Amino acid sequence: MRFTNLFAPTAKEAPKDALLPSHIYLVRGGFVSQIGAGIYNFLPLGKIVLDKIRTIVKEELDKAGCQEVQLGFVTPTELWKESGRYAKFGKELLRFKDRKNNEFVLGPTHEEAMVDLVRNRLKSYKQLPLNLYQINTKFRDEARPRYGLLRGREFLMKDGYSFHEDEEDLKREYALMEQTYSRILERLGLDFRVVEADSGAIGGSGSRELMVLADNGEDDIIVCSGCDYAANIEAAKRQAVSVPDGDVEMQAGTFHTPDITTIEALSDFFKIDAYYFVKAVAKKAIYEEEEKIVLFFLRGSDELQEVKAQNTCGALELEDVSSEELEAAGMVVGFIGPHNQSVDCYFDDSLKKASSLICGANKKDYHDIGVSFENEEFDYHDITSVNAGDRCVACGSALEITKGIEVGHIFQLGTAYSEALGATFLDRNGKSKPLVMGTYGIGVSRLVAVMIEQHHDEKGCLWTDATTPFKFDIVISSIKDEEQVSFATSLYEQMQEENISVLLDDRNERFGFKMGDFELLGFPYAIIVGKGLKEGEVQLGHRATLEKETIHKDEIFEKIKGL
RNA sequence: CGGAGUGUAGCGCAGCCUGGUUAGCGCACCUGGUUUGGGACCAGGGGGUCGAAGGUUCGAAUCCUUUCACUCCGACCA
């Protein structure tokens with residue numbers, strides 16, 4: 001490709017709302033452009049990258065025995081009503097009507113459509129297992145699209161669905177998909193971790209996310225410094241926290257604590273580590289039919305993990321609750337204790353059989369001290385957030401916290417959808433059973449942005465060989481210099497004959513301008529044909545290091561072939 | 001969905017408060033010339049329903065009302 005023919009409108013300035021490197025450089029480099037909130041056009045360079053990633057995804061999936069299909073982007077509403085998600089999915093699901101007043105949705109994910117495709121067609125265990133996928137546009141009407149391609153409303157996703165006769169075979173496929181996804185990310189050159197994830201309200205026997213490590217990630221992930229354990233903070237586990245140094249002895253009793261309501265102030269007041277205090281966190285739990293106040297109790301040194309808390313009480317949603325609402329419910333804000341509560345209470349595992357505790361007395365300005373839970377039959381669960389420095393459940397090493405961007409999610413779905421939609425098969429005994437399903441997603445257009453989020457510098461993009469739109473950029477320093485033009489052009493033609501991916505920057509621009517574009521666009525190598533040519537020399541520029549090496553013009557082609 | 005903003009040329013912005021000739025600047029673009037190894041210079045030029053609708057006024061980018069779009073913080077996010 002000659003640059004003079006390429007539609008790649010580069011710009012010196014980024015749109016003012018582009019904050020992340022991926023957003024800034026992809027727009028400035030003319031890879032993508034925004035056309036609406038969370039909706040992006042892919043220009044030629046962006047389209048090449050997108051297709052390269054898509055191809056890698058397809059190659060690895062096909063190798064793993066998956067088959068590509070393509071489902072309608074527009075899906076009739078009936079299917080969504082059948083599965084029960086029509087009501088559940090909320091406003092994220094974009095609904096509309098056609099001229100005959102029939103209602104449709106733009107597919108945000110395709111469990112229903114895929115189950116519909118196979119039901120009554122997969123009839124026997126002999127046809128199983130089966131893994132079907134598509135790489136197709138998705139639409140989710142996000143309340144707040146942001147960060148360019150990272151959180152758009154319209155995006156390209158690979159979504160796959162597998163069908164099995166039993167859980168055991170599902171687990172085999174699940175492991176295979178983890179391997180396959182890992183291989184895809186390795187080929188792209190991304191630094192990632194597979195982490196344990198929250199399975200959410202759907203349940204199922206497990207789910208894992210593939211997280212690319214990046215400073216601007218939206219998810220907090222816990223990784224072990226000593227072993228492979230890694231988890232989304234929403235699902236992370238830890239060993240029991242060790243007791244702080246120093247003996248603590250206290251007589252049972254009630255203590256006057258005027259206006260001392262926070263754990264920090266109490267810890268100061270009693271000169272006792274926050275570990276010994278019982279913290280009460282009140283939330284409003286929203287259920288399908290009702291909403292009510294619930295209390296979560298944990299150690300003063302811990303924080304409530306909301307996703308765990310929500311799963312524990314089985315609520316659809318947890319909301320903050322105001323002091324007024326608490327008082328109306330008969331609670332003494334700042335002095336809430338675990339005893340004699342009329343609302344649902346949940347306790348963190350770390351309080352099981354605990355003693356030497358200080359907790360609210362349910363009475364203004366008083367705390368109970370020397371409290372023991374030794375003989376209490378409370379409802380214990382893991383509801384705390386894991387912190388950096390806590391010890392790993394697997395090996396005991398220190399856990400670290402880092403940021404990640406979710407690029408893939410694999411999920412053991414079970415039979416929820418096949419039951420709802422009546423997708424059954426006959427097993428070896430001739431018995432009718434619902435198909436056991438897995439679902440696997442990987443964000444293809446998100447990966448375009450993730451590549452840059454992880455690989456960029458202050459000048460622009462840094463594409464890996466597997467994703468770059470062009471591997472080589474031949475920069476002609478002066479287009480008026482016939483010797484430069486003729487050498488560069490013949491090198492370009494020679495490279496094209498060898499099917500080497502190359503862009504010829506034949507624009508009538510100054511040297512600095514072209515080099516700036518080379519750096520912004522992030523091709524791995526520049527071949528600089530300039531003033532050195534008189535001495536028979538050209539330069540090979542390395543984008544990653546910004547170094548240039550001088551090479552004799554007769555040797556450059558061999559050098560290129562070796563890269 | 002709550003809170004806060006912004007809409008003026010392809011991009012970034014000024015002008016608005018305090019209404020008054022042909023609405024300006026930088027970058028980008030076009031023509032000519034001089035330049036040519038790190039985003040050049042000189043001269044000339046093209047490009048705007050000032051987001052939209054309505055209103056006030058002799059006169060509206062500017063004041064008022066309505067509306068749409070986009071953005072930021074938060075909530076939300078298989």
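It should be emphasised that the depicted structure is a prediction, and the values quoted were computed from it without experimental measurement. Below, chain A is the first sequence line, B the second, and so on; all start at residue 1.
- No engagement by A:Ala11 is indicated, since no non-hydrogen atom pair under 4.0 Å with the nucleic acid exists.
- Comparing atom distances between the A:Ala143 side chain and each of B:rU35, B:rA75, B:rG12 picks out B:rA75 as nearest.
- Below 30°, between 30° and 60°, or above 60°: for A:Phe296 and A:Tyr346 the angle between ring planes is below 30°, a parallel geometry.
- Ranked by how close their nearest RNA chain B nucleotide is to the 5' end, A:Leu19 and A:Asp517 are led by A:Asp517.
- A:Ile528 comes within contact range of at least one nucleobase, with a heavy-atom separation under 4.0 Å.
- Scanning atom types as modelled, one donor and one acceptor separated by under 3.5 angstrom connect the side chain of A:Lys548 and the base of B:rG38.
- Using the Watson-Crick or G-U wobble rule with both distances under 3.5 Å, B:rG12 pairs with B:rC25.
- Interface remark: the A:Glu519 side chain does form a donor-acceptor pair with the B:rG38 base, using a distance-only criterion of under 3.5 Å.
- When each of B:rG39, B:rG12, B:rC70 is scored by its nearest atom to the side-chain atoms of A:Gln34, the top-ranked nucleotide is B:rC70.
- Between B:rC64 and B:rC16, the two C1' atoms lie 14 Å apart (nearest whole Å).
- Here, B:rA14 and B:rG33 have their C1' atoms 32 Å apart, quoted to the whole Å.
- Residue A:Glu92 is in sugar-phosphate contact alone, with no base atom involved, counting any heavy-atom pair closer than 4.0 Å across all strands shown.
- Residue-level contact check: A:Glu319 touches neither bases nor backbone, having no heavy atom under 4.0 Å from any strand.
- Ranked by how close their nearest RNA chain B nucleotide is to the 5' end, A:Leu318 and A:Gly530 are led by A:Gly530.
- A cation-pi arrangement is absent between A:Arg208 and A:Phe411 under the rule of less than 6.0 angstrom and at most 45 degrees off the ring axis.
- Using a 4.0 Å heavy-atom criterion, one finds that A:Lys514 contacts no nucleic acid atom at all.
- You'll find that the side chain of A:Arg151 is closest to B:rC77, out of B:rC27, B:rU36, B:rC77.
- With ring centers used as reference points, A:Phe104 lies 6.0 Å or more from A:Trp80.
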Please tabulate, for the side chains in residues 34-43 of chain A, all donor-acceptor contacts under 3.5 angstrom to protein atoms that are two or more places apart in sequence or on a different chain.
residue: A:Gln34; atom: NE2; partner: A:Gly36; partner atom: O; Å: 3.0
residue: A:Tyr40; atom: OH; partner: A:His23; partner atom: NE2; Å: 3.4
residue: A:Asn41; atom: ND2; partner: A:Ser33; partner atom: OG; Å: 3.4

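- Listed candidates were B:rU71, B:rG39, B:rC73. Nearest to the side chain of A:Arg144 is B:rC73.
- In this structure, B:rC17 makes no Watson-Crick or G-U wobble pair, since no nucleotide meets both defining distances under 3.5 angstrom.
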